[in-house]
Amino acid sequence: MKKTAKAHSNIALVKYWGKKGDENLRLPVNSSMSVALDSAYTLTTVEWDAQLEQDEVGMIDDTFSEKEKVKVSKHLDRVREMAGITTRARVVSKNNFPKAAGMASSASGFAALSMAAASAAGLELSSKELSILARKGSGSASRSIPGGIARWNAGESSETSYAERVEFPEDWKIKILLVMAEDTSAKKVGSTEGMAIAPTSPYFDLAVSEGKKDIERIKQAMDENNWSGFGRVIENECYRLHMMCMTSQPNILYWKGMTVEVFQALYTLRDEGIEAFFTVDAGPHVHVICKEDEAEQVKEKLSEIDGIKTVVECGVGPEARTVEEDLF
Ligand code: PMV
């Protein structure tokens with residue numbers, strides 16, 4: 001059977017950076033929280049075909065490396081095991097944003113793949129079960145299954161480590177501005193490699209305990225309708241992740257000059273009364289979280305900065321779902 005799923009990328013507000021226990025299970029050292037992006041998504045079609053001798057994996061307008069193809073096949077093995085089948089699959093995927101540029105393509109990619117593969121195999125999985133499955137492909141993908149504002153509970157076992165939606169203050173109409181750097185020339189260090197060396201940072205244990213506190217602090221800020229407090233956690237979390245990267249061995253510096261210039265511009269805007277907050281994943285691009293009615297002013301301020309390729313405006317994205325638009 002052939003099925004297509006659509007899943008949205010997400011940006012972490014409280015970060016996942018570091019695993020515990022069995023590496024293959026992708027159990028995080030701390031719980032994390034994210035917001036799904038409506039304008040950045042992956043579409044994936046999966047067809048199980050008894051005629052195939054091996055999985056056929058491809059992308060539209062992009063390519064998978066051999067290493068990525070192996071990861072996809074390994075993920076299909078998980079679905080084969082759950083469905084009790086040995087059939088191989090044809091997989092075609094399409095992102096509407098650049099892959100592997102610190103833009104969380106693995107999150108939307110593995111969420112869409114999990115849903116399409118499971119549903120084409122006739123499995124009827126709950127959101128929790130899909131989140132657990134997606135997590136094994138890529139940790140952050142667990143949060144793209146519920147979409148919206150999602151919290152991935154670290155858990156103590158595979159069955160207890162999954163993401164679910166959380167309450168978000170109703171009157172916070174937010175926009176996420178995806179500020180893409182022109183210069184992506186730095187040596188790319190993937191999240192798997194980066195996380196593997198995180199414990200070499202002398203600040204790692206402290207960073208993990210702060211991450212655990214931040215998931216409580218962000219909840220408190222949301223419960224109290226405290227926008228400034230919410231932003232403070234987001235920016236502290238951004239620095240917490242990059243502090244671990246910058247101090248691990250070897251050091252990783254994901255930022256570009258433009259990354260820091262965006263931080264500075266937002267600090268200036270804050271002095272002028274506009275509270276927009278920055279966060280950065282494993283790349284140079286910045287995600288700016290702001291109130292919908294202040295987005296234009298923020299974009300105007302950002303237009304003064306050199307080295308920005310484009311700014312994509314996103315709203316809060318929905319959950320992963322099956323769709324009728326098959327890619328083949
Ligand atoms: O899911 P992965 O393995 O791509 O790791 C994601 C890591 C960050 O994006 C940097 C942080 C996060 O919580 O999404």
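Read the numbers this way: they start at 1 and go in the same order the structure lists the ligands and their atoms. Sequence positions, counted from 1, serve as the residue numbers for this chain.
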Please list, chain by chain and in numerical order, all residues satisfying side-chain contact (heavy atoms from CB on, under 4.5 Å) with Ala12, sequence neighbours excluded. Lys15, Arg143, Asp281

Phe204 side, atom CZ; Met243 side, atom CE - distance, nearest 0.5 Å: 10.5 Å

Salt bridge or not for Glu68 and Lys71, using N-O below 4.0 Å? no

Which atoms of ligand 1 are found less than 4.0 Å from any heavy atom of Ala12? 12 (C), 13 (O), 14 (O)

Kindly write out the residues that satisfy side-chain contact (heavy atoms from CB on, under 4.5 Å) with Lys74, not counting sequence neighbours, or none if the list is empty. Asn24, Arg78

Counting each atom of ligand 1 from 1 as listed, which ones have a heavy atom of Ser138 under 4.0 Å away? 1 (O), 2 (P), 3 (O), 4 (O)

Any heavy atom of Ala107 closer to ligand 1 than 4.0 angstrom? no

From Arg217 CZ over to Asn226 CG, what is the distance, rounded to the nearest 0.5 angstrom? 13.0 Å

Arg143 neighbourhood, listing ligand 1 atoms whose heavy-atom distance to it stays under 4.0 Å: 12 (C), 13 (O), 14 (O)

Proximal atoms of ligand 1 relative to Gly139 (non-hydrogen, under 4.0 Å): 1 (O)

Got an N/O contact under 3.5 Å between Lys15 and ligand 1? no

Stacked cation flag Lys6 on Tyr41, 6.0 angstrom / 45 deg: yes

Between Ser140, Gly190, Ser144, flag the one that comes closest to atom 6 (C) of ligand 1 by a heavy atom. Ser140

Determine whether the side chain, the backbone, both or neither of Leu241 has a heavy atom under 4.0 Å from any heavy atom of ligand 1. side chain

